[in-house]
Amino acid sequence: MRTQVAIIGGGPSGLLLSQLLNRAGISTVVLERKSRDYVLARIRAGVLETGLVNLLREAGAGARMDREGHLHDGCHLAQNGRMFRVDFKEACGKQVMVYGQTEVTRDLYDAQDAIGATVIHDAEDVALHDLTGSPYVTWTDATGTHRLDCDFVAGCDGFHGVSRQAIPDTVRTEFEKVYPFGWLGILSRTPPVEDELIYAAHDRGFALASMRNPQLSRYYIQVPLTDKVEDWSDEAFWTEFRARMPEDVAARLVTGPSIEKSIAPLRSFVSEPMRWGKLFLCGDAAHIVPPTGAKGLNLAASDVHYLYEGLTAHYRGDDRGIDAYSQRALARIWQAMRFSWSLTTMMHRFPGATDYERRMQDADLALLERSATARALLAENYTGLPY
Ligand code: APR
Ligand code: PHB
């Protein structure tokens with residue numbers, strides 16, 4: 001089998017890249033280790049920057065998002081019960097789209113079906129070969145071993161994938177920061193407590209009120225890394241969540257049974273470079289951000305944008321885009337890393353923090369409440385830097 005671009009991983013990065021390339025007349029094959037149902041059962045974040053919204057439309061996968069997604073003009077920040085609003089529209093003229101990543105992935109699968117793209121599921125033991133020469137990919141399934149020859153490989157296989165490991169250690173540098181806490185998240189069929197997201201710093205720990213639609217809420221609380229999901233009954237979650245929200249918000253919270261409950265550790269991670277020979281990394285394969293800034297999926301989208309531009313130009317005879325890919329993608333990634341780190345640092349309670357460090361967090365939040373300049377900086381980063 002032969003294709004122009006072999007794409008490893010059928011998550012949002014791989015599917016979006018495949019969809020855009022196919023529509024530009026460039027052939028792809030997506031190799032995904034799991035089943036489609038498995039991929040679609042993952043619950044992830046749900047705040048889309050304008051750049052991603054536009055890419056989905058360009059990919060012909062934006063219709064349902066435009067019907068069912070919700071544009072938000074701002075969000076709320078709270079500090080020990082005191083709440084104020086950051087008006088994105090006023091601060092930087094931009095908005096974000098609230099629409100679940102699971103729905104984005106579903107729409108991309110439907111769009112791939114509609115154009116007859118090749119997505120191979122349950123591909124085991126994917127291996128990348130001859131990445132600096134004539135690249136090819138091998139994998140196995142119940143019928144045996146298969147080989148796919150290609151011009152390029154796009155490694156869109158997430159943090160635990162194989163693509164990043166195909167870059168030799170001597171070439172690769174990894175940067176990592178692990179935070180000493182996680183987020184316990186629940187999804188519940190209840191009306192969201194507020195029209196916009198609430199990011200709440202509290203002495204008991206951080207909490208976030210988010211949503212998927214008017215009947216579906218997504219809430220999180222900061223928990224120690226040693227906590228297990230089984231330790232948290234729904235009742236215990238709601239009690240703790242309420243305690244971290246401003247009183248009036250807590251009073252109108254509608255609770256109900258959780259339909260999903262999980263704990264995610266917080267980390268920042270970057271692997272450089274993002275290109276080696278004919279291999280390009282996209283999305284979580286190359287970088288992870290803590291969820292506080294809602295940047296994970298959006299960074300995957302900007303990588304896809306740069307790679308899509310680079311590859312389409314390559315097939316027109318211009319290699320400048322693919323040669324600059326790693327540098328362009330990383331410049332934007334480090335800005336989002338900085339933003340996610342600063343928001344995480346400001347909003348969470350760190351075990352062992354000094355009183356001085358606690359006062360700095362309060363001062364950072366007070367600065368945002370007082371200064372339109374500070375809010376503009378937050379809004380510009382939260383709604384997404386231009387590509
Ligand atoms: N072979 C084939 N597929 C693989 C392999 C492998 N060895 N390893 C992982 N995969 C698949 C996973 O099963 C998954 O479906 O690659 C896909 C990677 O998808 P994601 O982890 O969702 O990563 P990505 O597509 O880059 O999505 C962007 O940003 O912060 C996040 O939550 C956000 O998941 C989102 C991500
Ligand atoms: C979510 O809705 O799951 C969500 C929203 C914003 C974040 C993180 C997660 O910063």
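Counting convention: from 1, in listed order, for ligands and their atoms alike.
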field: Steps toward side chain to side chain contact (heavy atoms under 4.5 Å, CB included) verdict (K278, T132)
entry: CA-CA 6 Å; K278 308 278 173 64; T132 52; over 6 Å; no
query: Between K177 and Y179, is NZ or CZ placed under 6.0 angstrom from the six-membered ring centre and within 45° of the ring axis?
result: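 The answer is yes; both the distance and angle limits are met.
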Using a strict cut-off of 4.0 Å, indicate which atoms of ligand 2 neighbour a heavy atom of [X].
{"X": "T292", "value": "10 (O)"}
{"X": "A45", "value": "1 (C), 3 (O), 9 (C)"}
{"X": "L197", "value": "5 (C), 6 (C)"}
{"X": "A294", "value": "6 (C), 7 (C), 10 (O)"}
{"X": "W183", "value": "8 (C)"}

message: Is the distance from the ring center of H348 to that of F181 below 6.0 Å?
response: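 So the answer is yes for these two rings.
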- prompt: Around Y38, counting heavy atoms of other residues, nucleotides and ligands shown, do more than 12 lie under 6.0 Å from its OH?
  reply: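 Not buried by this count: 12 neighbours or fewer within 6.0 Å.
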- prompt: Quick check: are there more than 12 heavy atoms from other residues, nucleotides or ligands sitting under 6.0 Å from CH2 of W232?
  reply: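 Yes, the 6.0 Å shell around CH2 holds more than 12 heavy atoms from other groups.
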- prompt: Tell me, which protein residue and heavy-atom name are nearest atom 6 (C) of ligand 2, and how many Å apart are they?
  reply: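 Here the nearest protein heavy atom works out to Y199 OH, 3.3 Å.
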task: Can you pull out the closest protein heavy atom to atom 3 (O) of ligand 2? Residue, atom name and distance to 0.1 Å, please.
output: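 The answer is Y220 OH, 2.5 Å.
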Going by distance only, is there an N or O of [X] that falls short of 3.5 Å from an N or O of ligand 2?
{"X": "Y382", "value": "no"}
{"X": "P291", "value": "yes"}
{"X": "R212", "value": "yes"}

Under 4.0 Å from ligand 2, counting heavy atoms only, is it the side chain of [X], its backbone, both or neither?
{"X": "S210", "answer": "side chain"}
{"X": "V98", "answer": "neither"}
{"X": "Y99", "answer": "neither"}

For residues 48-62, which side-chain N or O atoms pair as donor and acceptor with protein atoms under 3.5 Å away, sequence neighbours left out?
residue: E49; atom: OE1; partner: R332; partner atom: NH2; Å: 2.9
residue: E49; atom: OE2; partner: K295; partner atom: NZ; Å: 2.7
residue: N54; atom: OD1; partner: R57; partner atom: NH1; Å: 3.3
residue: N54; atom: ND2; partner: T50; partner atom: O; Å: 3.4
residue: R57; atom: NE; partner: D66; partner atom: OD1; Å: 3.2
residue: R57; atom: NE; partner: D66; partner atom: OD2; Å: 3.0
residue: R57; atom: NH2; partner: D66; partner atom: OD1; Å: 2.8
residue: E58; atom: OE2; partner: Y308; partner atom: OH; Å: 3.4

Of all pairs that satisfy ring pair (Phe, Tyr, Trp, His ring centres under 6.0 Å), the ones with a partner from residues 119-160, not counting sequence neighbours: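 Qualifying pairs, neighbours excluded: Y109-H121, H129-Y136, W139-H146, F152-F280, F152-H314, F159-F269.
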Any I43 heavy atom less than 4.0 Å from ligand 2: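 I43: no contact with ligand 2 (<4.0 Å).
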Tabulation required: pairs of a nitrogen or oxygen in ligand 1 and a protein nitrogen or oxygen under 3.5 Å; columns are atom names and distance to 0.1 Å; otherwise 'none'.
residue: ligand 1; atom: 3 (N); partner: R33; partner atom: N; Å: 3.2
residue: ligand 1; atom: 8 (N); partner: R33; partner atom: NH2; Å: 3.4
residue: ligand 1; atom: 13 (O); partner: E32; partner atom: OE2; Å: 2.6
residue: ligand 1; atom: 13 (O); partner: R42; partner atom: NH2; Å: 3.0
residue: ligand 1; atom: 15 (O); partner: E32; partner atom: OE1; Å: 2.7
residue: ligand 1; atom: 15 (O); partner: E32; partner atom: OE2; Å: 3.3
residue: ligand 1; atom: 15 (O); partner: R42; partner atom: NH1; Å: 3.0
residue: ligand 1; atom: 15 (O); partner: R42; partner atom: NH2; Å: 3.3
residue: ligand 1; atom: 22 (O); partner: R44; partner atom: NH1; Å: 3.1
residue: ligand 1; atom: 25 (O); partner: P12; partner atom: N; Å: 3.3
residue: ligand 1; atom: 25 (O); partner: S13; partner atom: N; Å: 3.0
residue: ligand 1; atom: 25 (O); partner: S13; partner atom: OG; Å: 3.2
residue: ligand 1; atom: 26 (O); partner: S13; partner atom: OG; Å: 2.6
residue: ligand 1; atom: 26 (O); partner: D284; partner atom: N; Å: 3.0
residue: ligand 1; atom: 29 (O); partner: D284; partner atom: OD1; Å: 2.9
residue: ligand 1; atom: 29 (O); partner: G296; partner atom: O; Å: 3.3
residue: ligand 1; atom: 29 (O); partner: L297; partner atom: N; Å: 3.4
residue: ligand 1; atom: 30 (O); partner: D284; partner atom: OD1; Å: 3.2
residue: ligand 1; atom: 32 (O); partner: Q101; partner atom: OE1; Å: 3.1
residue: ligand 1; atom: 34 (O); partner: R44; partner atom: NH1; Å: 2.2
residue: ligand 1; atom: 34 (O); partner: Q101; partner atom: NE2; Å: 2.9

query: Within the distance-only criterion (no hydrogens, no angle test), does the side chain of R164 pair as donor or acceptor with the backbone N or O of A285 below 3.5 angstrom?
result: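 Yes.
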- prompt: Under 3.5 Å, side chain of Y382 to main-chain N/O of G74, donor-acceptor pair present?
  reply: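 Absent.
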message: Checking D284 now: which residues fulfil side-chain contact (heavy atoms from CB on, under 4.5 Å) with it, not counting sequence neighbours?
response: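 I288.
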Identify the two heavy atoms, one from [X] and one from [Y], that lie closest to each other, and give their separation to 0.1 Å.
{"X": "S163", "Y": "L279", "answer": "O-CD2, 3.5 Å"}
{"X": "G9", "Y": "E32", "answer": "C-OE1, 3.7 Å"}
{"X": "T102", "Y": "R42", "answer": "OG1-O, 2.8 Å"}

